[in-house]
Structure formats: C-alpha cells, structure tokens
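Down below is the structure, laid out as structure tokens.
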Amino acid sequence: MQGTQVALESNTFFLIIEYIAILCCGMVGGLSAIRKGYDLFAILITAWLTALGGGIIRDVMLGAVPPVGISDRGFVFTALASGVLVAVIHPEVDKLKWSMTTFDAIAVGMFAVNGTEKAMLYGTSGMTAVFMGMFTALAGGLIRDMLINEVPVVIRDKHWYAVPSAVGCVATVFVCKGVQAGVINQTAEIVIDVCVVVLVVAMRLLSVKFNLMLPGAVERHHTYLPGGRR
C-alpha cells in the first residue's frame with residue numbers, strides 16, 4: 001500500500017475547501033432533521049452521518065480502521081459544529097437553497113475524487129475504486145434519508161446527482177493510473193483533480209438550472225409475448 005494522503009488533501013487550500021464541504025454537508029443533514037422536528041441530539045447525529053457517513057463506509061470496506069469519520073478530530077468536530085450551527089441559523093439556511101445546492105455539489109465532487117483516490121492508494125482495482133468513491137460521495141445522504149424515513153435523495157432527485165459523481169470517480173481512476181505510470185506528477189494531479197471536481201459541480205448545477213434529467217423506462221402500450229395476441 002502506498003501513502004494514504006490523497007492529492008487534494010496535500011494542499012492546505014483544498015483541505016480547507018474539504019472542511020467547508022463537510023460543514024455544508026452537515027448543515028444540509030441537520031436541516032433535514034430540523035424539518036422533522038427532532039431534538040438537538042438527533043440533529044447532531046444526522047449532521048455527522050450526512051457529512052462523514054460515506055467516508056466511514058469506505059474506510060471500513062478498505063480496512064482503513066478506525067475510519068476518519070470517528071478518528072479525525074477536525075472532521076468530527078466540523079461535522080458536529082455544523083449541526084449546532086444549523087440548529088441556530090436554520091431559517092436563514094432554509095432560504096439559501098441555491099447556495100446550499102452549490103455547496104452540496106462541491107461536497108459531492110470533493111468526496112468523489114478523494115474517495116476514489118484513497119481506494120486506489122489502498123491498491124483496489126479501478127472498478128472497486130469507482131464504487132468506493134461513489135460510496136464516499138453519496139452514502140452519507142443515503143444514511144441520512146434512511147435514518148429520518150425519507151426516500152433517499154439519490155433516488156428522489158430526478159436531476160443529475162449520482163451521475164456526476166460516477167463521472168468524477170471514473171475520471172479520477174484514469175488520473176490515478178496516470179500517476180502510477182509516471183505520466184502525471186503531483187502538481188498536475190492536483191490540477192486535474194480540481195478540474196474533475198469542477199466538472200462534477202458543473203454537471204450537477206446545470207442539471208438543476210436547466211431541469212436536465214435522465215430518461216426513464218421506455219413508454220409502451222403493447223406487449224409482445226410468444227404465442228400471445230398483440
């Protein structure tokens with residue numbers, strides 16, 4: 001196994017962005033609990049699981065224990081602080097829908113890239129790394145919605161949500177392969193990772209702005225069965 005620090009986390013600026021993403025992700029989760037009328041403890045748990053639940057699942061599956069979601073003080077305190085913060089300013093946060101959508105998209109992009117890179121650093125295959133990256137990006141929201149008895153947003157939201165994260169994870173695998181082959185250096189890796197995050201954010205926001213959705217099942221009005229009438 002190689003080092004366990006992903007490229008974006010090696011830069012102080014992007015580490016700060018990750019903390020902001022955790023904070024905003026936690027506030028989105030805490031706000032969901034507030035809308036249900038839950039108490040402060042439930043708000044804190046929901047905020048923490050939304051922000052760090054995906055990373056906990058990823059780390060457990062990778063064998064990277066204890067997971068950063070319970071061992072990294074900075075991450076844990078930031079997630080819990082987001083719950084306390086949203087418990088106080090939830091009326092304002094509730095009105096900042098576009099801003100929160102933007103920060104949530106940034107969180108999805110950051111978590112997708114970081115989760116995929118960490119999986120690759122632990123020696124997984126590219127396909128496994130894609131799943132790990134998507135777990136990191138999406139599982140926190142999935143846990144939150146299951147916890148508060150809601151249809152998971154990854155299914156409920158018809159706009160592009162899982163698709164941008166999948167694109168980001170696949171792109172990150174190719175970047176990591178380039179690094180392993182010695183074609184891409186660390187500086188170039190950081191630049192490309194940023195571009196991947198921007199791509200994920202752009203796809204998510206454009207889908208919301210212009211109401212872009214994937215097609216559903218093919219609409220049919222007749223059945224065709226062997227020996228049956230048409």
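Every value quoted in this text rests on a predicted model; they were computed, and no experiment measured them.
- Follow the hydrophobic side-chain contacts under 4.5 Å out from Trp48 and you reach Ile57 in the same cluster.
- Counting heavy atoms from C-beta on, the side chains of Arg144 and Ser32 come closer than 4.5 Å.
- Contact annotation: the side chain of Asp59 approaches that of Lys118 to within less than 4.5 Å [non-hydrogen atoms, C-beta and beyond].
- Val86 and Val84 fall into different hydrophobic clusters, where Ile, Leu, Val, Met, Phe, Trp and Tyr residues are linked whenever their side-chain heavy atoms come under 4.5 Å apart, directly or through other members.
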Quick one, Met100 with Met27, criterion side-chain contact (heavy atoms from CB on, under 4.5 Å). Give me CA distance, side-chain angles, the key distance, then yes/no.
CA-CA 9 Å; Met100 294 308 295; Met27 286 198 293; 4.2 Å; yes
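- In this structure, CG on Leu214 lies 9.5 Å from CG on Leu212, to the nearest 0.5 angstrom.
- A 6.0 Å sphere centred on CG of Asn149 holds no more than 12 heavy atoms belonging to other residues, nucleotides or ligands.
- For the pair Ala33 and Thr46, the tightest heavy-atom approach, listed with the atom from each and the gap, is CB-OG1, 3.7 Å.
- Looking only at side-chain heavy atoms (C-beta outward), Phe111 and Ile22 come within less than 4.5 Å of each other.
- Between Asp145 and Val153, the shortest heavy-atom contact is OD2-N, 2.6 Å.
- The salt bridge (Lys or Arg N to Asp or Glu O under 4.0 Å) pairs that include a residue from residues 157-171 are Asp157-Arg204, where partners are two or more places apart or lie in different chains.
- Considering only heavy atoms from C-beta on, Val68 comes within 4.5 Å of Arg58 through its side chain.
- With values rounded to the nearest 0.5 angstrom, Thr187 atom OG1 is found 5.0 Å from Asn185 atom CG.
- For the atom pair CG of Leu49 and CG of Leu142, the computed distance is 11.5 Å after rounding to the nearest 0.5 Å.
- At most 12 heavy atoms of other shown residues, nucleotides or ligands fall within 6.0 angstrom of atom CZ in Arg73.
- More than 12 heavy-atom neighbours from other residues, nucleotides or ligands sit within 6.0 angstrom of NZ on Lys36.
- Using a 4.5 Å heavy-atom threshold, the side chains of Ile148 and Tyr38 count as touching.
- Leu23 and Phe77 fall into different hydrophobic clusters, where Ile, Leu, Val, Met, Phe, Trp and Tyr side chains are chained together by heavy-atom contacts under 4.5 Å.
- Between Val108 and Ala137, the shortest heavy-atom contact is O-CB, 3.6 Å.
- Rounding to the nearest 0.5 angstrom, the gap separating the CD1 atom in Ile20 from the OG atom in Ser82 is 13.0 Å.
- Here the CE-CG distance, from Met110 to Asp193, works out to 9.0 Å after rounding to the nearest 0.5 Å.
- Closest approach of His90 and Leu31 over heavy atoms only: CB-CD1, 3.9 Å.
- Taking hydrophobic clusters as Ile, Leu, Val, Met, Phe, Trp and Tyr residues chained together by side-chain heavy-atom distances below 4.5 Å, Ile143 shares a cluster with Leu44.
- Other residues, nucleotides and ligands contribute at most 12 non-hydrogen atoms within 6.0 Å of the CE atom of Met146.
- A donor-acceptor pair under 3.5 Å is formed between the side chain of Thr124 and the backbone N or O of Ala119.
- The shortest non-hydrogen separation linking Thr136 to Gly115 is OG1-CA, 3.5 Å.
- Taken to the nearest 0.5 Å, the CG atom of Leu121 stands 11.0 Å off from the OG1 atom of Thr116.
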Anything under 3.5 Å between a donor and an acceptor, one on a side chain of residues 160-179, the other on a protein residue two or more places apart or in another chain? List them.
residue, atom, partner, partner atom, Å
Tyr161, OH, Asp104, OD2, 3.4
Ser165, OG, Ala162, O, 2.6
Thr172, OG1, Gly168, O, 2.7

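- Looking at every heavy atom in both residues, Ser125 comes nearest to Thr128 through OG-OG1, 3.0 Å.
- Side chains of Met134 and Leu138 form a contact here, defined as non-hydrogen atoms less than 4.5 Å apart.
- Both Phe103 and Val194 are part of a single hydrophobic cluster, where members link through side-chain heavy atoms under 4.5 Å apart.
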